[in-house]
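Working notes, structure below.
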Amino acid sequence: AQTVTQSQPEMSVQEAETVTLSCTYDTSESDYYLFWYKQPPSRQMILVIRQEAYKQQNATENRFSVNFQKAAKSFSLKISDSQLGDAAMYFCAYRSRGGSEKLVFGKGMKLTVNP
Amino acid sequence: SQTIHQWPATLVQPVGSPLSLECTVEGTSNPNLYWYRQAAGRGLQLLFYSVGIGQISSEVPQNLSASRPQDRQFILSSKKLLLSDSGFYLCAWGRGRETQYFGPGTRLLVL
């Protein structure tokens, strides 16, 4: 079974600075998707960024980018120019491309942005 | 554009009472639909998913059931709630095996 690990339960960053959130996963599959979701105090899960395992190029969405290291099974999220609105829980998630329907989530990490 | 709705937003129910949570999706047809539960301070756990009307798959044996009476409607139910059913319930939709998009969620407190 696949597992997702977020080893840092909390992090903080100063406004306008850069922060990197780490995620590792375990799978025997070669083709899958990886996601970062953000959960603000409203608790709605919001997609931040998606990476397809067969693509070597790291995904980028505006201030958010990932460092996908397939061999190391690592998927970190970099937030540049941090804003107060980035404060939230961040969840890393895995989904098989051909197997189970479910998203496998990590336990999440709380990001605080200091003004 | 697609939108996903859930109601109620918050629910407080006594132990042993029935439950019905509703999820509807607009702006797409034949979506895959999912029910997740998030216990306090934890990640999400998939409860049920559906790839079509009347087709329900259960991921975790429990006190809950799901139904899909219409293409874009997904209902989570229980005949008798337990204290352990408390949590935050999220509905999601997706196309094929790609991204899942989540609704605003329902906070359920069983007393």
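Residue numbering restarts at 1 for every chain, and letters A, B, ... go by the order of the sequence lines.
- Under the 4.5 Å side-chain heavy-atom criterion for Ile, Leu, Val, Met, Phe, Trp and Tyr, B/L21 and B/V15 are members of the same hydrophobic cluster.
- Atom CZ of B/F102 sits about 9.5 Å away from atom CG of A/L47, to the nearest 0.5 Å.
- Hydrophobic clustering of Ile, Leu, Val, Met, Phe, Trp and Tyr side chains at less than 4.5 Å, counting indirect connections, keeps B/V110 apart from B/V12.
- With rounding to the nearest 0.5 Å, the separation of OH in A/Y37 from OG1 in B/T99 is 6.0 Å.
- For the atom pair CZ (A/R43) and CZ (B/R107), the distance works out to 6.0 Å, reported to the nearest 0.5 Å.
- Put simply, the side chain of B/Y36 gets close to the backbone of A/L103: a donor and an acceptor are under 3.5 Å apart.
- In terms of heavy-atom pairs under 4.5 angstrom with chain B, the leader among A/Q44, A/K110, A/E52 is A/Q44.
- One hydrophobic cluster, built from ILVMFWY side chains closer than 4.5 Å, holds both A/F35 and A/M45.
- Listed options A/A93, A/S42, A/G108, A/P9 were ranked by heavy-atom pairs under 4.5 angstrom with chain B; first place goes to A/S42.
- Under the 4.5 Å side-chain heavy-atom criterion for grouping Ile, Leu, Val, Met, Phe, Trp and Tyr, B/Y89 is connected to B/L81 within one hydrophobic cluster.
- Both A/V66 and A/V104 are part of a single hydrophobic cluster, where members link through side-chain heavy atoms under 4.5 Å apart.
- Residues from residues 70-85 of chain A never place a non-hydrogen atom less than 4.5 Å from a non-hydrogen atom of chain B.
- Of the two parts of B/L90, only the side chain, counted from C-beta on, holds a non-hydrogen atom closer than 4.5 Å to a non-hydrogen atom of chain A.
- Residue A/Q39 comes nearest to B/F88 through the heavy atom pair NE2-CE2, 4.0 Å, listed as atom of the first residue, atom of the second, then distance.
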